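Report on one structure; see the data block that follows.
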Amino acid sequence: MLRNRPLPALVVAAVGLALLVPGTSANAGPVPGTGTALTVAAAPGQTSTIPDWRMQTSTTATQAGSVISGTGYSDAGWLTVPARSTVMAGLIANGRYGDVNYSENLKKADPGDFKVPWWYRKVFQADPQPGVNTFLKLNGGVISRGEVWLNGTKVAGTDTVVGAYPTFEFNVTSLLRKGGNALAVKASPSDPAKDLVIHFIDWAQLPPDRNQGLFRDVDIAQSGAVSVRGLHVLSDLPLPDLNTATVTVKADVRNNTGNAVTTTVSGSAAGQNYSQNVSLAANETKTVTFTLTVTGPQIWWPYQMGAQPLHDATATATVAGAKSDEQRTTFGIREVTSKMVSGNLQYQINGKPILIRGGGWASDLFLRTNVQKIADEMLLTKSMGLNTIRLEGKPENDEIYDMADRMGILLMTGWECCSKWQNTGGFSAEDKRVAGASAEGEAKRIRNHPSVFTFLIGSDEAPVADVEKIYLDALKRADWQTPIVTAAARRSSPQLGDSGMKMDGPYWWEPPVYWYNNQKGGSAGFASEIGPGLAIPEMDELKKFMSQAEINKLTDYNATQYHLSPSANFSKIGFWGTALDNRYGKPSTVDDFVKKAQLQQYETNRAQFEAFGRDFSDTGANQAQGLIYWMQNDPWPKLFWHLYNYNLATAGSYFGAKTANKALHAQYSYDDKSLAVVNMGLEAKQGLSLQVTVFNSDGTQKANETRPVPAKANGSVRVGTLPQPSGLTPAYFVRLLLKDSTGKEVDRNVYWLSTKADTLNYNAGDWWYTPQAQYTDLKSLSSLKAGQVSVTSTTTPGTGGRQSTSVTVKNTGTSVAFFMRASLRKGQGGAEVLPVDWSDNYITLFPGESQTIRGEYRTSDLGGAQPVVQLSGHNVSRR
């Protein structure tokens with residue numbers, strides 16, 4: 001559904017592109033008292049959003065909807081919950097289970113409590129005016145089904161309000177009363193195996209209520225004789241020419257009366273005005289269309305390719321000179337196309353091929369909306385160099401789309417796997433109706449966002465023919481413009497054909513060399529979900545959600561870990577730990593385990609993204625087209641499948657990816673020892689040079705070369721191979737320094753390698769992993785001579801309530817100072833400041849070198865304390 005009210009203001013700070021959102025967690029926290037008083041708007045064109053609800057189980061509230069929706073009904077003892085609140089989210093907001101993120105506290109919720117319906121209720125004031133129509137709008141469904149009552153009258157039943165995503169609008173003008181009104185919604189129990197709802201599959205321990213209830217806003221909208229709905233804008237570029245654009249504005253105008261009426265629809269888009277008189281028969285709806293030619297358009301690009309200009313569009317309907325209704329939106333002028341390259345899908349933005357480098361998004365486990373947290377995550381996404389987020393069956397609320405538009409981050413939407421959504425061959429007639437309504441409703445809600453570049457109508461499986469047609473017809477009704485893909489896996493369907501994507505894993509540990517092979521999840525084609533599984537946070541974070549006994553259990557690789565997956569495949573550390581023992585040496589303590597985990601996570605995450613970057617300029621079937629890292633974030637605190645953790649702490653996983661995804665980057669290849677320079681921008685870079693230095697583990701140089709290198713636009717270039725000096729220690733280091741024509745360093749990349757290679761056994765394994773046949777030997781890194789460093793820091797005020805701390809580390813000793821991590825503390829010995837956007841971290845310095853890294857954060861997150869830098873390293877003591 002079209003956004004027809006302003007969202008929280010989004011401000012892009014000049015320094016660091018920090019996205020700030022006023023307030024904190026308007027929809028995620030507890031609501032005091034019995035709720036916020038609400039008086040609905042009375043004027044045409046205005047909308048009121050239900051600000052919060054009273055909630056109660058039907059085992060307590062046993063009366064009929066006609067009674068519960070009466071203004072005289074007493075809801076004493078009911079819970080007050082946020083506006084967007086599943087049942088579980090409402091109970092958590094009211095402190096029913098303590099900290100459900102910690103240890104096994106989530107088990108305190110009794111699943112039996114959610115086998116019955118729950119009621120939501122809101123009392124509000126209204127002042128109905130003659131000629132003004134009132135509409136009740138559900139901006140998403142009720143999970144799993146809803147019964148809607150207003151002032152003792154049923155508005156809709158569970159045969160109508162079905163599924164998570166269909167949108168609904170009901171004319172309740174005749175039911176509205178002057179003074180007090182009562183709205184009640186009854187939410188049925190949820191079962192993702194039976195209903196088209198939301199399922200967290202194996203992503204985390206599951207929410208006990210299976211997300212039963214309300215997770216999107218409920219609005220009460222007013223309009224006169226004529227309503228305006230579905231304002232949207234289509235853009236067309238005569239590619240490859242970007243000097244003109246055709247912009248088509250469309251809106252539906254609906255006559256709400258039993259008599260003929262004439263309305264004037266007027267508005268503007270991209271600075272051009274338009275107007276049209278429209279005659280409507282009784283209760284008729286017509287689509288009005290305005291076609292504009294824009295000369296010298298401002299084009300929207302993903303952030304590494306260009307700017308993100310956004311335009312306003314408005315549509316107002318007047319009747320006899322008086323405003324009857326209005327809508328407004330923003331849009332971007334851009335065009336997304338796709339084509340098959342040797343059987344693999346390639347996307348183009350404004351005619352330019354783009355290597356998709358993204359992560360799989362996980363909504364909050366209880367579907368709570370924390371706008372500030374989402375903004376922080378979007379900032380980390382962009383800072384990490386990802387250009388895409390995949391929303392698999394968790395299409396978020398409107399805020400994330402607005403942020404993505406302004407930040408230039410692409411969004412890939414579509415349905416989820418492994419639930420009722422995947423069983424399209426077993427869809428009933430009702431399922432098909434709900435599926436079509438879901439596709440149409442979601443498409444209409446997000447179609448104006450230039451960040452949304454594709455729609456996957458299947459995940460692990462393509463829909464059967466008749467359901468494919470239902471989806472395509474629904475998307476056509478929504479004027480969907482961007483590529484539609486039949487599945488995220490290598491599947492095909494009658495109309496769309498081959499997906500051009502692969503889903504061959506892995507989902508658990510693989511060594512760096514794995515990613516460079518064109519087999520399975522290696523760097524060829526479009527891999528829709530791949531990753532090395534475990535992502536162990538630093539010890540500070542582990543202590544936030546695990547008991548000491550649970551932390552100690554991490555060194556038992558065969559033990560079931562509650563903060564891993566409920567799936568047997570991913571419930572144990574397993575062979576990830578075996579690889580750690582063989583590659584780095586068996587950890588002596590759990591602290592040693594955590595320290596070595598960062599090394600293992602950094603190197604394979606870096607390799608995964610670097611391999612696809614290198615092979616973006618290959619040809620034919622070997623060309624890399626895209627990868628979605630599985631996964632980007634956490635729905636709930638856990639130990640796997642994330643690039644940053646639930647509390648937005650960044651560890652080895654994050655910085656390995658961040659290093660690989662720099663827009664201009666020099667890198668090493670684990671398969672053939674080649675070097676490459678990757679440039680994600682649309683302009684070639686001239687006058688670059690690459691300094692390649694090989695060090696033994698004691699820090700002595702074994703080779704040092706400087707070679708001129710090109711950096712072609714939007715692609716990669718091979719620049720020779722790594723020098724192979726004799727006399728290397730079993731573990732050794734490689735430093736790559738990319739410099740511009742003035743000698744200024746533009747990229748730095750340090751590898752720790754071994755004279756013994758990791759190898760794989762492709763003849764064994766399963767869908768989720770390929771086992772190793774031999775392990776590299778990096779054990780000697782644990783016996784490096786202690787590093788000596790000096791540390792200085794400076795804190796500088798920023799804008800928008802933010803500040804930054806710069807940390808300069810200098811290697812003052814004669815050995816390598818290896819894998820050093822800086823963190824910011826709230827005063828000496830205080831808790832870590834989170835989130836912090838670090839320019840770099842886990843740095844390695846050779847004798848005499850220094851490096852400055854910078855962390856940006858909200859001043860308020862210090863809690864009034866002074867920022868204190870803490871530094872520790874693999875062979876550098878904490879200070």
Side-chain angles (χ1 to χ4, degrees), residues 24-32 52-53 55-57 79-116 118 120 143 187 189-190 192 197-215 361-374 376-377 394 396 535 537 540-551 553 560-567 570-571 631 633-642 644-649 831 834:
T24 52
S25 181
N27 296 302
V31 179
D52 48 54
W53 298 90
M55 186 184 80
Q56 185 59 273
T57 173
L79 303 176
T80 305
V81 301
R84 307 172 188 171
S85 182
T86 64
V87 174
M88 190 66 187
L91 293 170
I92 293 170
N94 283 272
R96 283 297 175 92
Y97 308 116
D99 182 3
V100 295
N101 294 334
Y102 184 74
S103 188
E104 298 187 359
N105 284 353
L106 187 59
K107 291 182 177 180
K108 293 180 180 178
D110 181 358
D113 292 343
F114 313 108
K115 302 298 184 185
V116 299
W118 284 70
Y120 293 77
I143 298 175
S190 175
V197 288
I198 292 174
H199 189 23
F200 280 88
I201 316 165
D202 53 4
W203 300 9
Q205 298 298 333
L206 301 180
D209 67 340
R210 302 303 190 264
N211 300 125
Q212 177 183 7
L214 295 169
F215 74 110
W361 182 267
S363 298
D364 177 81
L365 189 64
F366 312 108
L367 304 186
R368 297 168 296 186
T369 302
N370 184 330
V371 176
Q372 182 65 74
K373 184 177 182 182
I374 293 173
D376 289 337
E377 292 194 60
K394 314 288 185 297
E396 284 278 1
D540 277 0
E541 287 303 304
L542 293 175
K543 291 178 178 178
K544 291 179 181 178
F545 64 89
M546 298 175 71
S547 68
Q548 189 59 54
E550 289 171 317
I551 293 172
K553 195 172 66 171
T560 297
Q561 309 284 347
Y562 187 68
H563 285 268
L564 286 178
S565 173
S567 164
F570 310 119
S571 64
M631 301 180 65
N633 61 340
D634 285 341
W636 176 79
K638 56 188 182 67
L639 303 166
F640 73 121
W641 289 356
H642 67 241
Y644 51 83
N645 87 335
Y646 181 81
N647 296 314
L648 312 189
L834 292 176

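Heads up: numbering here begins at 1 and tracks the sequence. Just so you know, these numbers come straight off a predicted model, no measurement behind them.
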Please identify each residue that fulfils side-chain contact (heavy atoms from CB on, under 4.5 Å) with [X], with sequence neighbours left out.
X    : value
A649 : E541, N645, L834
S571 : T560
D540 : R825, E832

Taking the side chain as C-beta and beyond, is there a heavy-atom pair between [X] and [Y] under 4.5 Å?
X    : Y    : result
Y644 : D376 : no
Y102 : S547 : yes
F200 : L367 : yes
P637 : N647 : no
I143 : R210 : no
W641 : D202 : yes
P82  : R368 : no
N370 : D364 : no

What pair of heavy atoms forms the shortest contact from [X] to [Y], and how long is it?
X    : Y    : value
F640 : L564 : CE2-C, 3.5 Å
Y646 : D634 : N-OD2, 3.2 Å
V197 : S190 : CG2-OG, 3.7 Å
S103 : W636 : O-CZ2, 4.5 Å
A204 : P566 : O-CD, 3.1 Å
Y120 : L214 : OH-N, 3.4 Å

Inset, instruction - With I92 as reference, evaluate V81, V100, N101 under the side-chain contact (heavy atoms from CB on, under 4.5 Å) test and give the passing residue. - result: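 Answer after filtering V81, V100, N101: V100.
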
Legend entry - Residues that W203 engages under ring-ring contact (aromatic ring centres under 6.0 Å, His included), provided they are two or more places apart: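 With sequence neighbours excluded, W203 shows a ring-ring contact (aromatic ring centres under 6.0 Å, His included) to W630, given in chain and number order.
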
Inset, instruction - Not counting sequence neighbours, which residues clear ring-ring contact (aromatic ring centres under 6.0 Å, His included) with F545? List them please. - result: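 With sequence neighbours excluded, F545 shows a ring-ring contact (aromatic ring centres under 6.0 Å, His included) to H563, given in chain and number order.
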
Rounded to the nearest 0.5 Å, how far does [atom2] of [Y] lie from [atom1] of [X]?
X    : Y    : atom1 : atom2 : value
K394 : H199 : NZ    : NE2   : 8.5 Å
S565 : L639 : OG    : CG    : 11.5 Å
L106 : Y97  : CG    : OH    : 9.5 Å

Legend entry - Expected output: side-chain E550 to main-chain L542 donor-acceptor under 3.5 Å: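 No, because the side chain of E550 does not come within donor-acceptor range (under 3.5 Å) of the backbone of L542.
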
Legend entry - Pairs involving residues 93-105, ordered by first then second residue, that meet salt bridge (Lys or Arg N to Asp or Glu O under 4.0 Å) (sequence neighbours left out):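 Non-adjacent pairs meeting salt bridge (Lys or Arg N to Asp or Glu O under 4.0 Å): E104-K107.
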
